[in-house]
2 protein chains.
Amino acid sequence: MVRPDWIAVDWGTTRLRVWAMQGSEVLENRSSDKGMGSLSRDGFEPALLELVEDWLGDQPIPIIACGMVGARTGWAEAEYRHTPCTPLDPQRATRPQVNDPRLDVHILPGLSQIDPPDVLRGEETQIAGFLAQNPDFEGTLCLPGTHCKWVIITDGRVEGFHTFMTGEVYALLSRQSVLRLTIGDAKPDRVSFLEASAQAATNADMAAAGLFPLRAAALLNGLTPEQGAGRLSGLLIGSELASAHPLWHGRRVVIIGAPELSSLYAGALTQAGADAHQLDGGELVLSGLTAAATALTRNT
Amino acid sequence: MVRPDWIAVDWGTTRLRVWAMQGSEVLENRSSDKGMGSLSRDGFEPALLELVEDWLGDQPIPIIACGMVGARTGWAEAEYRHTPCTPLDPQRATRPQVNDPRLDVHILPGLSQIDPPDVLRGEETQIAGFLAQNPDFEGTLCLPGTHCKWVIITDGRVEGFHTFMTGEVYALLSRQSVLRLTIGDAKPDRVSFLEASAQAATNADMAAAGLFPLRAAALLNGLTPEQGAGRLSGLLIGSELASAHPLWHGRRVVIIGAPELSSLYAGALTQAGADAHQLDGGELVLSGLTAAATALTRNT
């Protein structure tokens, strides 16, 4: 019988992941597809209980959650803390009302920035996890995904950040625009990727100008789906690097994300002259949730 | 009873439009939603007959068609003529096999360009229509739409052209990305549009960097859907202008397309210092089809 002393929860738009924890030790972990995006407000507590109920004893147990569960359309809106600031302040977590008195839920705040306007939810916990393991890091974290977050770290704090929608733009263009006829679900060819990212990183104009030529090159010159995927990805990531230049130029960059996508960012950044390193960030979120749980216990 | 001596056909991806013609005079016109995109190869002849059968007499009648009907996935593939060249050469039309001997169908060729690779189908006929009415024009035609075509005209010929996917990118981002929560079907606010297009026209980086801030500004600063739509459209069209700079800078530009979208391009171009004029291009395609029919009659 698993009896954790707290429960860690990573609740994103599409997935719910939970860990039964004893201090920093994982007793068991589970997940479901009941992400925030598929739930109405009264669906959150049942979705959580479905995964954790047999871990509960008689007493209330701390449940530390991060991610889109704290969005305006989530379980309960968690605030955004304004940068510059430390990534986490669990004292400012939101406590949703619950029906089951054994659930003592804390939803961690996200981060916001006034100019340029930006927000994040969930990544603050990954950042805290990274800093728990690398307390002296100074530089930039690059977190690729549907949206890519560039986060400037100074003295253990988030100085500022910038979100690019590159992953989502790639998915829409490759699968739903006219380029679906050329690319679809093909895997990016790395040579084509590096060539296009080098062009777009030095000339961001390329991104707009280079899209339709992919379709035309498939019709006229036999461009393959993999080459098309590589060039599209290269144009988009390259123009992201051009825009994000002040965020990585002359700074140490650590890339944290899914291995394939991270490897594309690492290749493009290195080619552009950056000091970039890839890190498997698989359980950083758990490390951040553990840091939050420790801080809460210490303060209560 | 309508008895045309030829039939004009504009057959795009989503619409089929036909005109019963006597020389350059329109006797009647009709349309249906049987665009190329919804038809398999053996569906074209029935879709055409549905609209024109009662116009047919005993003898074969010339039917002059342009647009995506000539695509590889259309009725019969029409060739691409390589630029630089005149917009039309009806002698090189493709003649699909037909079951009804009264149909003498000519599908006009499109245009292609080797470097950068590009293609168009249908616009060549609009261009021919424009040149039939403005034979001495020297400058650039800008044809906004789902895809925007910039066409360089010199001495009655198409010197080169460049396609931007701006309209399609706008539709995908505003309705299907996370920005749908901020923008959706809102109409672009013109002040926001002009401000964003000015920024992106001088700094194409803005397009990638400026997307997610629209979502954040809606969450944090109360950006309205109309302001969001204006800014998104401005970022995308502005970065198109930055990329297309050599195509319009120091040249006379005529914008031909749907009035609302054309007016955005006209505003952004004028603000960027271009000599740009809007033209209602409603029936240019018919004027081009008429020029093709005249040339065919003269040569047979």
Side-chain angles (χ1 to χ4, degrees), chain A residues 13 71-73 80 82 110 112-120 146-150 162-166 168-169 171-173 175-179 181 200 203-221 223 235-245 247, chain B residues 13 71-73 80 82 110 112-120 146-150 162-166 168-169 171-173 175-179 181 200 203-221 223 235-245 247:
Chain A
T13 304
R72 197 170 292 176
T73 52
Y80 290 115
H82 298 304
S112 68
Q113 178 175 277
I114 298 303
D115 186 26
D118 214 325
V119 292
L120 58 76
T146 303
H147 296 168
C148 183
K149 309 276 179 183
W150 295 81
H162 200 122
T163 304
F164 288 81
M165 288 173 51
T166 308
E168 187 166 20
V169 172
L172 288 169
L173 289 177
R175 299 203 192 113
Q176 298 197 52
S177 80
V178 68
L179 299 180
L181 304 169
N203 180 4
D205 291 8
M206 283 293 300
L211 298 180
F212 191 76
L214 300 176
R215 176 66 188 143
L219 287 168
L220 301 175
N221 306 336
L223 184 86
L235 290 172
L236 297 178
I237 291 178
S239 82
E240 177 178 349
L241 295 197
S243 294
H245 191 264
L247 301 171
Chain B
T13 303
R72 198 169 291 175
T73 52
Y80 291 116
H82 298 305
S112 67
Q113 179 175 275
I114 298 302
D115 188 26
D118 215 325
V119 293
L120 58 76
T146 303
H147 296 168
C148 182
K149 309 276 181 185
W150 295 79
H162 201 122
T163 304
F164 287 80
M165 288 174 51
T166 308
E168 187 166 18
V169 172
L172 288 169
L173 289 177
R175 300 203 192 113
Q176 298 197 54
S177 81
V178 68
L179 298 181
L181 305 170
N203 180 3
D205 291 8
M206 282 293 300
L211 297 181
F212 190 76
L214 300 176
R215 176 66 188 142
L219 286 168
L220 302 175
N221 307 335
L223 185 87
L235 290 172
L236 298 177
I237 291 178
S239 82
E240 177 179 349
L241 295 197
S243 294
H245 190 263
L247 300 171

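Below, chain A is the first sequence line, B the second, and so on; all start at residue 1.
Contacts with chain A were tallied for B/A217, B/A207, B/S177, B/A171; B/S177 has the most, counting heavy-atom pairs under 4.5 Å. Taking A/E240, A/M206, A/R72 one by one and counting their heavy-atom pairs under 4.5 Å with chain B, the maximum is reached by A/R72. Note: B/V178 leads B/V169, B/V178, B/T166, B/N221 in heavy-atom pairs under 4.5 Å with chain A. Between chain B and the residues A/P213, A/S239, A/A200, the largest count of heavy-atom pairs under 4.5 Å involves A/P213.
With hydrogens and angles ignored, the 3.5 Å screen pairs a side-chain donor or acceptor of A/N203 with a backbone N or O of A/D205.
Of the atoms belonging to B/A209, heavy atoms from both backbone and side chain fall under 4.5 Å from chain A. Using a 4.5 Å cut-off between heavy atoms, A/R215 makes no contact with chain B at all. Contact of A/Q176 with chain B is made through backbone and side chain together, with heavy-atom distances under 4.5 Å. Using a 4.5 Å cut-off between heavy atoms, A/H147 contacts chain B through its side chain alone, with no backbone atom that close. For A/L219, the parts sitting under 4.5 Å from any heavy atom of chain B are the backbone and the side chain alike. When heavy atoms are compared at a cutoff of 4.5 Å, A/D118 approaches chain B by way of both its backbone and its side chain. Heavy atoms closer than 4.5 Å to chain A are found in both the backbone and the side chain of B/L172.
Both tests pass for B/K149 against the ring of A/F212: distance under 6.0 Å to the centre and angle within 45° of the axis.
The six-membered or imidazole ring of A/H82 lies away from that of A/Y80, with a centre-to-centre distance of 6.0 Å or more.
Judged purely by distance below 3.5 Å, without hydrogens or angles, the side chains of A/E168 and A/T146 never pair a donor atom with an acceptor atom.
Taking CG of B/L241 as the start and CG of B/L247 as the end, the distance is 10.5 Å to the nearest 0.5 Å. Between the CD atom in B/Q113 and the OG1 atom in B/T163 there is a gap of 8.5 Å [rounded to 0.5 Å].
In terms of heavy-atom proximity, A/L235 sits nearest to A/L211 at CD1-N, 4.4 Å.
The side-chain heavy atoms of B/L173 and A/M165, taken from C-beta on, include a pair separated by under 4.5 Å.
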